[in-house]
Number of protein chains: 2
Amino acid sequence: MTIEINKGACIDLFRSLTDDLTAELIRQAQTRTISPGALIFGAGSSGRVVHVLTSGCVKMVRTTVRGERVITRYVKPGEAFGMSAVFDEPYRADAVAVTSCIGLQWPSNLIRDTILRQPAAALDAMRSLDARLGEMEARMLGLSSGRVEQRIAHALAELADKFGRPGPNGIEILIPIRHQDLADLAGTTLHTVSRTLGTWETQRQIRRGRCRIVITNLAGLLGLARASTSSDPRPRRGHRRAGRRSG
Amino acid sequence: MTIEINKGACIDLFRSLTDDLTAELIRQAQTRTISPGALIFGAGSSGRVVHVLTSGCVKMVRTTVRGERVITRYVKPGEAFGMSAVFDEPYRADAVAVTSCIGLQWPSNLIRDTILRQPAAALDAMRSLDARLGEMEARMLGLSSGRVEQRIAHALAELADKFGRPGPNGIEILIPIRHQDLADLAGTTLHTVSRTLGTWETQRQIRRGRCRIVITNLAGLLGLARASTSSDPRPRRGHRRAGRRSG
DNA sequence: CGCCGAGTTGATCAGGCTCAACAAATGTGG
DNA sequence: CCACATTTGTTGAGCCTGATCAACTCGGCG
């Protein structure tokens, strides 16, 4: 078995390790295949294993008792998730398979020991945590300042960047995205997402199928995102949902 | 000089190091005193030093070109900030002194080398990054789902937890907090903050002075935060600001 | 064929943002 | 020590965005 997984994608967490060490770790891993929609682990459960996704897509979902939901992150192959297990802390979010997935998992103390013995790996892990912090901060900026249309456009752009592939009609987002998912990313409701995407489709900015989105005009979308009415310099305020789950 | 700083507070980043090592690092540090309101470093500037606050309070502020602002974090003594310098990445946010401050700073490569040589420190750093990630996720949940009143109450509660001290009239928040700051924490405007705090003061939940807040009834506040009208089970939706700076 | 999940669409309405103007506290200079 | 500028905070009026409610369509599946 080679270290490479899925056509060149490799495990971010082990980027700094020697091939031998990585191979050894992969040998020690438990492989797990997950079917779409399945819960890989639930928020609050005490994390005893660290996961790495090797193929497919996983979303991390945080939910409040009142039913409000946020997708904190989409995981793509090569990325680790459930890292809080390293610190013997419970998982913060549900990990839900978006597609069929293959994952590797290790007992958290094995990962911890590896990090303790391989400082370069520790630095890599820190770097990726820090990068995620930066992303979250940027999302917070968007959440607290942008209008809904902007936030949806931005969420789409990020999905396109992470899971998009150029296709005949534009950038196809390869993973299934429900309107509720976009709402959970953008901090709005599936109703507003539906209306907004509807408008964009008539404007030929995007194309839609069931759980499928193709972005025909990414620049146009981001233009919309930047200024909803370019001739009108003053920004408009928006609303905020108080989530009662609807999905 | 002892390792302890400011009545027992010590440097989180070096918690796992031996006293000798910590002392040595502190010897190598450059001490810096900062006056209130001063900019310690600006977002975007290439970070060449890592900071640790030893006394006072620093806020990390992210701003968009349009003038929307978010306070991503309040730093208290013992905590590190500007950690992205470790990865030779520019600072993501402005670091602004809230009070008079004393800080230590090191060239980022010195911290990096320390982390590489002291894996336990790496794990500590990872833990704190992960904890901050969790906080940000929780804040995102609040931002995208709660109503403004809840978010302000929650922001106050966190400030009370981090910078509060029991006083004759309740928990005093020891650092100066402008309404604009609360707005930047809660994702709203200073106007709404003013009105909301006004209501709470007449309800004897809090007391206010200029840039000073005392929480008389924390439980009550959080109760308000949980359900704005307890008799009415259905949550109300809210609005969202589109920040044109006003502070 | 009934059920469920996903998506659509219309009507309603209120939360809180925007605009605007003032008041009070702080700082600065002469 | 007073006049003036700046920062911080207050309050009112208006109104827009987008949440909520509700009802319906479409497609897949057992």
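What you see is a predicted model, and the numbers here were worked out from it, not measured in a lab. Residue numbering restarts at 1 for every chain, and letters A, B, ... go by the order of the sequence lines.
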Atom [atom1] of [X] to atom [atom2] of [N]: distance rounded to whole Å?
X	N	atom1	atom2	answer
A/L143	C/dC17	CG	P	14 Å
B/R178	D/dT6	CZ	P	17 Å
A/L182	C/dG7	CG	C1'	13 Å
B/R212	C/dA24	CZ	C1'	18 Å
B/R207	D/dG9	CZ	C1'	18 Å
A/R147	C/dG16	CZ	P	18 Å

Under the ring pair (Phe, Tyr, Trp, His ring centres under 6.0 Å) rule, collect the residues that match up with A/F41, sequence neighbours excluded. A/H51, A/F81, A/Y91
Listed partners of B/H179 passing ring pair (Phe, Tyr, Trp, His ring centres under 6.0 Å), at least two apart: none
Using a strict threshold of under 4.0 Å (side-chain N to carboxylate O), is an ion pair present between B/E79 and B/R73? yes
Identify all pairs in which a protein N or O lies below 3.5 Å from an N or O of nucleotides 25-29 of chain D, and state each distance.
none

Apply side-chain hydrogen bond (donor to acceptor under 3.5 Å, both in side chains) to [X] and list each qualifying residue two or more places apart in sequence or on a separate chain.
X	answer
A/T72	none
B/Q205	B/N217
B/D130	A/R92
B/R208	B/E201

Between the protein and nucleotides 8-11 of chain C, are there any N/O to N/O pairs under 3.5 Å, and if so, what are the atom names and distances?
{"residue": "C/dT8", "atom": "OP1", "partner": "A/R208", "partner atom": "NH1", "Å": "2.6"}
{"residue": "C/dT8", "atom": "OP1", "partner": "A/R208", "partner atom": "NH2", "Å": "3.3"}
{"residue": "C/dT8", "atom": "OP2", "partner": "A/H179", "partner atom": "ND1", "Å": "3.1"}
{"residue": "C/dT8", "atom": "OP2", "partner": "A/S194", "partner atom": "OG", "Å": "2.7"}
{"residue": "C/dT8", "atom": "OP2", "partner": "A/R208", "partner atom": "NH1", "Å": "3.2"}
{"residue": "C/dT8", "atom": "O5'", "partner": "A/S194", "partner atom": "OG", "Å": "3.4"}
{"residue": "C/dT9", "atom": "O4", "partner": "A/H191", "partner atom": "ND1", "Å": "3.1"}
{"residue": "C/dG10", "atom": "N7", "partner": "A/R195", "partner atom": "NH1", "Å": "2.9"}
{"residue": "C/dG10", "atom": "O6", "partner": "A/R195", "partner atom": "NH2", "Å": "3.2"}

Residues 31-43 of chain A vs salt bridge (charged side-chain N to carboxylate O under 4.0 Å, His left out), sequence neighbours excluded, gives none
